[in-house]
Asks: 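A single structure is presented below for examination.
This chain uses plain numbering: 1 for the first residue, then up along the sequence. Predicted model only: the values in this text are computed from it and were never measured.
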Amino acid sequence: MKTKKISEDNGKKIYETENETQLIQVFKDDLIIKNGNKISVPNKGAINNAISSYLFRILDSYHIPNHFLKQLSNREMLVRKLHMIPISVFVHNIAAGRLVKFFAIHEGKELDCPIIEYHLKGGEKEDTMVNEDHIISFGHASSEELKEIHRLSSKVNAILKEIVRRRGFRLVNLKLEYGRRDTQILLGDEISADTCSLWDLQGNSKFDSRMASKSVDQIADEYQSIKKRFFMES
Ligand code: ADP
C-alpha cells in the first residue's frame, strides 16, 4: 500500500499510497531529549499510534473534523492527505515550561482560561511564536480559517482535558496541527504522549520523557504507564 516516502522527522515517517488522497503515517521510536541527543525508546511509536488513533476516533464523535481514517497496524495509521498549515497550535491550561520562563508565572499555576499560542514551524530552526497578523500576512491562513482553528482548538482542549482527567492526568498543554482538504480545515498530525504534556492529578508528578536525567528504560516505562492508564489496563 505504501508507495513513496515523502517526509521523515523524529516522530513519524509519512508515505504516499496508491490512493492519492490518502497517506500512511508510520510512528517511530526516536526521541530527542532535552540535551539534544537522539535516543530510541522501545515501543514509543506503537503507543503513540494507539493513543492517537483512539483520540482521533473520540474527537470524530464530537464532530471535530480530522484526518484519521484507520489504524492499519501497530505503527501505521491511514490518514487523509492534507495541505498542512505550517503552524503548531499550543493550548496551555497550566503554567509550565516556556510560559514560566517568559512570563514569570509560577509553575503549576492553573491558568484563568486556556491560552492558545501559534508557533511558525521552522524546519531545523526553533519554532517562532507568531500572532494572527503574522499568519495572515505571510499567507499561511485566512482570518476565517484562523477563527475555525481557534474554535476547534478550544473544543479539542476541553474534550481532551476531561478524557485525561478521568484517567488521572492533568492536561498541562497540548500541540495541534491543522491542514486543508479543499476548503475545509481538518485536525492532522498526532495527539499522543509526545504532543500532550501530562501531570499526575494526585501530586504533581510530571510525565516528561525528554528529561536528560532519565534512563531509556525509565522513559520506556513512562510511555507504557501512560498507555496503561489511557486504556485503563491493570
Ligand atoms: P513534526 O510534526 O514535528 O514536523 P513529525 O515527525 O511528526 O514531525 O512529522 C510529521 C509531518 O507530517 C509534519 O510535517 C506534519 O505537518 C505532516 N502531516 C501530518 N498530518 C498530515 C496530513 N494529514 N497530510 C499531510 N501532511 C501531514
Asks: Quick one: are Asn10 and Lys38 in side-chain contact, heavy atoms under 4.5 Å?
Replies: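 Yes, at least one pair of side-chain atoms sits under 4.5 Å.
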
Asks: First locate atom CZ of Arg165, then atom CG of Leu160, and finally report the distance between them rounded to the nearest 0.5 Å.
Replies: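 Reported value, rounded in 0.5 Å steps: 13.5 Å.
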
Asks: Indicate yes or no: at least one non-hydrogen side-chain atom of Ile149 is less than 4.5 angstrom from one of Tyr118.
Replies: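 Counting from C-beta outward, Ile149 and Tyr118 do come under 4.5 Å.
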
Asks: Tell me whether the rings of His92 and Phe90 are parallel (<30°), tilted (30 to 60°) or perpendicular (>60°).
Replies: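 The arrangement is parallel - the two ring planes meet at less than 30°.
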
Asks: Once rounded to the nearest 0.5 Å, what's the spacing between atom CD of Gln184 and atom CZ of Arg80?
Replies: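 Result: 8.5 Å between the selected atoms.
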
Asks: If we only count heavy atoms from C-beta on, is the Cys196 to Leu171 side-chain gap below 4.5 Å?
Replies: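 Yes. Closest side-chain heavy atoms under 4.5 Å.
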
Asks: Between the side chains of Ser73 and Glu76, is a donor N or O closer than 3.5 angstrom to an acceptor N or O?
Replies: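 Yes, a side-chain donor-acceptor pair sits under 3.5 Å.
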
Asks: What's the verdict on side chain to side chain contact (heavy atoms under 4.5 Å, CB included) for Trp199 and Ile94, showing C-alpha distance, side-chain angles and the deciding distance?
Replies: CA-CA 10 Å; Trp199 287 359; Ile94 292 166; 3.9 Å; yes

Asks: Taking NZ, NE, NH1 and NH2 as the nitrogens, is one of them in Lys81 or Glu20 under 4.0 Å from a carboxylate oxygen of the other?
Replies: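 No, Lys81 and Glu20 are not salt-bridged.
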
Asks: Charged N to carboxylate O under 4.0 angstrom, Glu107 versus Lys206?
Replies: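 Answer for the salt bridge query: yes.
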
Asks: Transitively linked via ILVMFWY side-chain contacts under 4.5 Å: Phe230 with Phe27?
Replies: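 Cluster IDs for Phe230 and Phe27 match.
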
Asks: Would you check if the side chain of Thr17 reaches a backbone N or O of Gln22 as a donor-acceptor pair within less than 3.5 Å?
Replies: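 Checked: pair present.
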
Asks: What heavy-atom pair brings Ile105 and Val100 nearest, and what distance separates the two atoms?
Replies: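 Looking at all heavy atoms of both residues, the closest pair is O-CG1, 3.4 Å.
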
Asks: Answer yes or no: is there a donor N or O on one side and an acceptor on the other, between the side chain of Asn66 and the main chain of Gly188, under 3.5 Å?
Replies: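 Pair absent, no side-chain N/O of Asn66 close to backbone of Gly188.
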
Asks: Evaluate the side-chain proximity of Arg180 to Ile185: yes if any heavy-atom separation is below 4.5 Å, no if none is.
Replies: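 Sidechains of Arg180 and Ile185: in contact.
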
Asks: Is there a chain of hydrophobic side chains (I, L, V, M, F, W, Y, each step under 4.5 Å between heavy atoms) that links Leu186 to Tyr54?
Replies: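 Per the 4.5 Å side-chain linkage, Leu186 and Tyr54 are not co-clustered.
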
Asks: Could you see if Leu59 belongs to whatever hydrophobic cluster contains Val79? Use Ile, Leu, Val, Met, Phe, Trp, Tyr and a side-chain cutoff under 4.5 Å.
Replies: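 Yes: a chain of side-chain contacts under 4.5 Å links Leu59 to Val79.
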
Asks: Measure the spacing between OG of Ser53 and CD of Gln25 and express it to the nearest 0.5 Å.
Replies: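 Separation between the atoms: 9.0 Å.
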
Asks: Check whether any side-chain heavy atom of Met1 lies under 4.5 Å from a side-chain heavy atom of Ile24, and answer yes or no.
Replies: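 Touching, per the 4.5 Å side-chain cut-off.
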
Asks: Between Met77 and Ser52, does the side chain to side chain contact (heavy atoms under 4.5 Å, CB included) criterion hold? Intermediate values first, please.
Replies: CA-CA 9 Å; Met77 181 194 287; Ser52 268; 3.6 Å; yes

Asks: Rounded to the nearest 0.5 Å, what separates atom CD in Glu190 from atom CG in Asn48?
Replies: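 Output value for this atom pair is 5.5 Å.
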
Asks: Could you tell me whether Arg151 and Glu148 have a side-chain N and a carboxylate O separated by less than 4.0 Å?
Replies: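 Salt bridge between Arg151 and Glu148, a charged N being under 4.0 Å from a carboxylate O: yes.
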
Asks: Let's go through Ile51 and Ile191 carefully: what are the C-alpha distance in whole Å and the side-chain angles of both, what is the deciding distance for side chain to side chain contact (heavy atoms under 4.5 Å, CB included) to 0.1 Å, and is it a yes or a no?
Replies: CA-CA 7 Å; Ile51 293 176; Ile191 309 170; over 6 Å; no

Asks: Can you tell whether the side chains of Glu8 and Lys28 come within less than 4.0 Å, N to carboxylate O?
Replies: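 Salt bridge between Glu8 and Lys28, a charged N being under 4.0 Å from a carboxylate O: yes.
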
Asks: Where the side chain of Gln218 meets the backbone of Ser215, is there a donor-acceptor pair that is under 3.5 Å apart?
Replies: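 Judged by distance alone, yes, a pair lies under 3.5 Å.
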
Asks: Could you tell me whether the side chain of Leu174 reaches within less than 4.5 Å of the side chain of Thr195, counting heavy atoms only?
Replies: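 They are not in side-chain contact.
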
Asks: Evaluate whether atom NZ of Lys70 has more than 12 neighbouring non-hydrogen atoms of other residues, nucleotides or ligands under 6.0 angstrom away.
Replies: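 Result for NZ/Lys70: open.
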
Asks: Testing the basics here: between Gly108 and Arg170, what is the closest heavy-atom pair and its distance to 0.1 Å?
Replies: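 What the structure gives for the nearest pair is O-NH2, 4.3 Å.
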
Asks: Indicate, with yes or no, if Tyr15 and Phe68 share a hydrophobic cluster defined by side-chain heavy-atom contacts under 4.5 Å among Ile, Leu, Val, Met, Phe, Trp and Tyr.
Replies: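 No, it is not one cluster - the side chains of Phe68 and Tyr15 are not joined through contacts under 4.5 Å.
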
Asks: Taking the inter-plane angle between the rings of Phe207 and Phe169 on a 0 to 90° scale, is it parallel (under 30°), tilted (30 to 60°) or perpendicular (over 60°)?
Replies: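 Perpendicular.
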
Asks: So which of Asn157, Leu111, Val172 actually passes side-chain contact (heavy atoms from CB on, under 4.5 Å) with Asn93?
Replies: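 Considering Asn157, Leu111, Val172, a side-chain contact (heavy atoms from CB on, under 4.5 Å) with Asn93 is found only for Asn157.
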
Asks: Ignoring hydrogens, what is the shortest heavy-atom contact between Val89 and Ser153? Give both atom names and the distance.
Replies: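 Taking every non-hydrogen atom into account, CG1-OG, 3.6 Å.
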
Asks: Below 4.0 angstrom, N of the basic side chain to O of the carboxylate: do Asp221 and Lys228 qualify?
Replies: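 Not counted as a salt bridge, because no side-chain N and carboxylate O are separated by less than 4.0 Å.
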
Asks: With a 4.0 Å cut-off on N to O distance, would you call Lys2 and Glu16 a salt bridge?
Replies: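 Result for this pair is no, no salt bridge flagged.
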
Asks: Just one of Asp30, Asn49, Asp194 clears the side-chain hydrogen bond (donor to acceptor under 3.5 Å, both in side chains) bar with Lys44, so which one?
Replies: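 Only one option passes, and that is Asp194.
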
Asks: Ignoring hydrogens and geometry beyond distance, is a side-chain donor-acceptor pair present between Asn19 and Thr21 at under 3.5 Å?
Replies: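 Note: Asn19 and Thr21 side chains meet the donor-acceptor criterion.
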
Asks: Tell me the closest heavy-atom pair linking Leu146 and Ala141, and the distance in Å.
Replies: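 That closest heavy-atom pairing would be CG-CB, 4.3 Å.
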
Asks: Find the distance between NZ (Lys227) and OG (Ser192) and round it off to the nearest 0.5 Å.
Replies: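 If we round to the nearest 0.5 Å, Lys227:NZ and Ser192:OG are 14.0 Å apart.
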
Asks: Salt bridge or not between Asp189 and Lys12? Use side-chain N to carboxylate O under 4.0 Å.
Replies: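 A salt bridge links Asp189 with Lys12.
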
Asks: Tell me if the aromatic rings of Phe56 and His67 count as close, with their centers under 6.0 Å from one another.
Replies: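 Yes, ring centres under 6.0 Å apart.
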
Asks: Out of curiosity, does Tyr62 fall in the hydrophobic cluster containing Tyr178 (side-chain heavy atoms, cut-off under 4.5 Å, transitive links)?
Replies: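 Yes, same cluster.
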
Asks: For His134 and Glu132, does a side-chain donor sit closer than 3.5 Å to a side-chain acceptor?
Replies: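 Short answer, no.
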
Asks: Show the nearest heavy-atom pair for residues Ala50 and Phe231, with the distance to one decimal.
Replies: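 Minimum heavy-atom separation between Ala50 and Phe231: O-CZ, 3.6 Å.
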
Asks: Mind checking the NZ-CD1 spacing from Lys214 to Ile219? Nearest 0.5 Å is all I need.
Replies: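 Rounded to the nearest 0.5 Å, the NZ-CD1 separation comes out at 7.0 Å.
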
